[in-house]
Number of protein chains: 2
Amino acid sequence: MSQVLLKERIRLRTPAPIPRELLPLGQILDGDCIEAMRSLPDACVDMVFADPPYNLQLGGDLARPDGSHVDAVTQAWDKFDSFAAYDRFTREWLTEARRVLKPDGSLWVIGSYHNIFRVGAMLQDIGFWILNDIVWRKANPMPNFKGTRFTNAHETLIWASTGEKAKYTFNYRAMKTLNDELQMRSDWVLPICGGPERLRKDGHKVHPTQKPEALLYRVMLATTEKGDVVLDPFFGTGTTGAVAKRLGREWIGCERDGTYREAARERIEMALPLDESALKTMQSKRTAPKVAFGTLIETGWIAPGTVLTDRKGRHTASVRADGSLVSGTQGGSIHGLGAALQGAPSCNGWTFWHLQHEGELKPIDAIRQLYLLATEP
Amino acid sequence: MSQVLLKERIRLRTPAPIPRELLPLGQILDGDCIEAMRSLPDACVDMVFADPPYNLQLGGDLARPDGSHVDAVTQAWDKFDSFAAYDRFTREWLTEARRVLKPDGSLWVIGSYHNIFRVGAMLQDIGFWILNDIVWRKANPMPNFKGTRFTNAHETLIWASTGEKAKYTFNYRAMKTLNDELQMRSDWVLPICGGPERLRKDGHKVHPTQKPEALLYRVMLATTEKGDVVLDPFFGTGTTGAVAKRLGREWIGCERDGTYREAARERIEMALPLDESALKTMQSKRTAPKVAFGTLIETGWIAPGTVLTDRKGRHTASVRADGSLVSGTQGGSIHGLGAALQGAPSCNGWTFWHLQHEGELKPIDAIRQLYLLATEP
DNA sequence: GCCACAAGTGAATCCCGAG
DNA sequence: GCTCGGGATTCACTTGTGG
């Protein structure tokens, strides 16, 4: 590593990235997820997707420390014990998840009303910063047979960054495209996992709570980049792995049940990765190559002296050779002058300023689009 | 009282009911809700509906893309120093709510991801038993203006009994009728409170977070009987009181803000019948299922990489992972790219684009029909 | 009166890289 | 850490205005 780069890393307190070959990519770690995660280095994964047990009877993990028998009379206290035990378990795996996450990574957890409130409160306590709660609205839920409550027709996911100020990945444009050019909302309507997707053996479900691949597809497409590493501490039959493989993401799983591990391996083996061109998604302007207004002047797409107006013709300005605008005695960048004339704190000059083009009044952003199209490789 | 009844009460440890004239029915108690609730006897109300502060923790100002200013919740009542302070507050009012609830009564709380996980965990800790979590899917939520997250399009309600073995009221039949003879689900689509229902004074909303009457209507119709007493510790402008009056329930409110109390009194006095549109909304069928093209990709009905053509095979395009299409150097949504390739101002991509399906060239709309058929409840 | 169009608004944890 | 400034970013619905 060059001295310059090394110094830069030290200055930014950014640890060197973990070499990929040191990570168990594409592997299902055997055993308890907390132990398994402890075998991973700090800050090595880009996303954690967790589908923890919902119920409070978690067997070995949640046995009382002293192994004492619970008397039926003390049932109320037992509940408190169960919640406390579940909370301890939750704190432990969330803490490990936080440790292995890169600072700019994010966490997803899915749960139902039995556990999601405890998980959500705990992850806030630990320092995660909730970005959204997402409702998976099941298109075809199981009815409430006894007619005693509302049909439980949804599950809740929490998406959280590693802290209030932390950066995170959100592929806004891809989500908007996926949702017919409307912003993707926090409620997702998706069918439950059934049909050929549902893993079965001898006519029985292999896993009781197999999640639909569509759910993981949206999660990963929204909040990871191609090549990112996704960790699933409750791997089950490997939905996370299968979708990661399809979408060109790396994955690591933890699962202590051998039957699930075996089913997951087989399944992921069969999954087909998408090819490069299909994986490309609509990119936002933020990540698109930047074009300065001055470039349009230099390259002759807009001539110096051109008169720009706002959409209503209330303000006019003239383009100068250096790409600045002048309006009366005021001058400035397309953004600065637009803001000044409106008395606004800020202004996107690209959409504020218009010009006559082919008989129509068009925002100068349209000219930029033409330029981009023409110079596209 | 007969000896038999008295013995029965003793056996069931059921205290004699509180005489109604000792309760402040139809009154808004002035002051802090915890103090106000302490003035009520034990086990005297059938339902508590609570809309506590959400502890939003908002940052600076937020502007819309057009530069206008978003009117945020900046009231002092939503400010807490820390999660710990919020938790203390939550524990106190929940404890009082539990005390004043009859054993067979139930609790409703509404919140957002900022607070609902803490409230949910706390009420479980205190001994409440969650019966359902309900998602209020807003028909018209505020968008995410900066494109940084999923549009926060829902709020969460928790419905809980006083304990695991407690009885509770659930009017199954009424809910099924309200939902066009289908079981009422845990996700409710309702518009936010606006229009003539929204209380305004001098052109400004009286309360920043007034809840729609349709929401309270469904809550009360589902989980109380006529004549039941409903307590709202965070009464605000009295949506709970207005709906209770409409539905023949008794109500008690707590509110420390005089302006809110005054507005609530006036409003409940008027007891305007729910207007036609609100009623219609409440009783309408679920919204027609809308399927985005992206959903067909996520759910595997159309694979990324699939080649689409128009009916005559003049144009071809390839499907990408986010549901966008790419044709040569051009990309876009099914509608946008269709329009661009034809040089048309607009295009219905669903009927324009076709694919080979079972040996025939079919419009992609046919696949959407198959998907709808398969996921129909 | 009606239609077309413009303007306003709702519980919101709402930018980010360069220097 | 900070500031500075370029420039990216909205959906459904209601109300008001002008013709």
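Every chain is numbered from 1, with letters handed out A, B, ... down the list of sequences.
- The interatomic distance linking A:Asn348 (CG) with D:dG6 (P) rounds to 12 Å, in whole Å.
- The cationic group of A:Arg98 lies under 6.0 Å from the six-membered ring centre of A:Phe128 and within 45° of the ring axis, placing it in a cation-pi geometry.
- Donor-acceptor pairing under 3.5 Å is lacking for the side chains of A:Glu181 and B:Ser333.
- The side chain of B:Arg198 places an N or O atom within less than 4.0 Å of a non-bridging phosphate oxygen (OP1 or OP2) of C:dA11.
- B:Ser112 comes within contact range of no nucleotide atom at all, as no heavy-atom separation falls under 4.0 Å.
- Protein atom CG of B:Asn144 is 7 Å distant from nucleotide atom P of C:dT13, rounded to whole Å.
- Contact annotation for B:Pro52: base contact, defined as any heavy-atom pair under 4.0 Å involving a base atom.
- For B:Lys211 against C:dA11, a side-chain-to-base donor-acceptor contact under 3.5 Å is present.
- In this model, a donor atom of one side chain and an acceptor atom of the other lie less than 3.5 Å apart for B:His154 and A:Asp133.
- Remark: the separation of the P atoms in D:dA8 and C:dA18 is 15 Å, to the nearest Å.
- A salt bridge between B:Asp322 and A:Arg218 is absent, with no side-chain N of the basic residue lying under 4.0 Å from a carboxylate O of the acidic one.
- A:Cys347 comes within 4.0 angstrom of a nucleotide base, judged by non-hydrogen atoms across all strands.
- With C:dG10, D:dG7, C:dA11 as the candidates, the nucleotide lying closest to the side chain of B:Asp71 is C:dG10.
- Taking the six-membered ring for Trp and thresholds of 30 and 60 degrees, A:Phe117 and B:Phe117 have ring planes inclined between 30 and 60 degrees apart.
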- prompt: How far apart are the C-alpha atoms of B:Lys211 and B:Trp136, what are their side-chain angles, what is the distance that settles it, and do they pass the side chain to side chain contact (heavy atoms under 4.5 Å, CB included) test?
  reply: CA-CA 11 Å; B:Lys211 295 294 176 287; B:Trp136 169 27; 4.1 Å; yes
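- OP1 or OP2 of D:dG6 has at least one side-chain nitrogen or oxygen of A:Ser333 nearer than 4.0 Å.
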task: Please lay out, stage by stage, how B:Phe235 and B:Asp51 fare under the test side chain to side chain contact (heavy atoms under 4.5 Å, CB included).
output: CA-CA 8 Å; B:Phe235 203 60; B:Asp51 181 10; over 6 Å; no
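- For the pair B:Asn115 CG and C:dA11 C1', the computed distance is 10 Å after rounding to whole Å.
- Taking atom P in both D:dT9 and C:dA11, the straight-line distance is 25 Å, to the nearest Å.
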field: Verdict with supporting geometry, A:Glu298 and A:Phe293, side chain to side chain contact (heavy atoms under 4.5 Å, CB included)
entry: CA-CA 9 Å; A:Glu298 290 172 335; A:Phe293 184 63; over 6 Å; no
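- Rounded to an integer number of Å, the gap from CD of B:Glu155 to C1' of C:dA12 is 11 Å.
- Among A:Val326, A:Val307, A:Ile364, A:Thr306, the single residue meeting the side chain to side chain contact (heavy atoms under 4.5 Å, CB included) criterion with A:Val319 is A:Thr306.
- Of all nucleotides listed (D:dT9, C:dG17, C:dA11), C:dA11 comes nearest to the side chain of B:Tyr54.
- Along DNA chain C, the nucleotide nearest B:Asp78 and the nucleotide nearest B:Lys146 are compared for position; the residue whose nucleotide lies closer to the 5' end is B:Asp78.
- Residue B:Gly60 is classed as a base contact, given a heavy-atom separation below 4.0 Å to a base.
- Counting only Watson-Crick or G-U wobble pairs whose defining distances are both under 3.5 Å, the stems of 3 or more consecutive pairs in DNA chain C are C:2-10 with D:11-19, C:15-19 with D:2-6.
- Residue B:Asp51 is in base contact, counting any heavy-atom pair closer than 4.0 Å across all strands shown.
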- prompt: Using a cut-off of 4.0 Å between protein heavy atoms and nucleotide atoms, how would you tag nucleotides 11-19 of chain D 5' to 3' with B, S and -?
  reply: BSSSS----
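- When rounded to the nearest whole Å, the span between CH2 of A:Trp350 and C1' of D:dG6 equals 11 Å.
- Here the separation of D:dT10 from C:dG10, taken at their C1' atoms, is 12 Å to the nearest Å.
- Going from atom CG of A:Asp133 over to atom P of C:dA12 covers 14 Å, rounded to whole Å.
- Distance CZ (A:Phe352) to P (D:dA8): 16 Å, rounded to an integer number of Å.
- A donor-acceptor contact closer than 3.5 angstrom links the side chains of A:Ser106 and A:Trp159.
- Summarising the geometry of A:Asn171 relative to A:Glu225, their closest heavy-atom pair is OD1-OE2, 3.7 Å, with the distance given to 0.1 Å.
- Considering only side-chain N and O atoms, A:His335 lies nowhere under 4.0 angstrom from the phosphate OP1 or OP2 of D:dG6.
- Side-chain nitrogen and oxygen atoms of B:Lys205 include at least one within less than 4.0 Å of the OP1 or OP2 phosphate oxygen of C:dG10.
- Residue B:Asn152 places at least one side-chain N or O closer than 4.0 Å to OP1 or OP2 of C:dT13.
- Note on B:Trp136: nothing from the nucleic acid sits closer than 4.0 angstrom, heavy atoms only.
- Between B:Lys138 atom NZ and C:dG10 atom C1' the separation is 8 Å, expressed in whole Å.
- Of the candidates C:dC14, D:dT10, C:dA12, the closest approach to any side-chain atom of B:Tyr113 belongs to C:dA12.
- Classified by its glycosidic torsion, D:dT14 falls in the anti category, the angle being over 90° from 0.
- For the P atoms, the distance linking C:dT13 with D:dG5 amounts to 29 Å, nearest Å.
- Between B:Trp93 and B:Phe234, the two ring planes are perpendicular [angle over 60°; tilted spans 30° to 60°].
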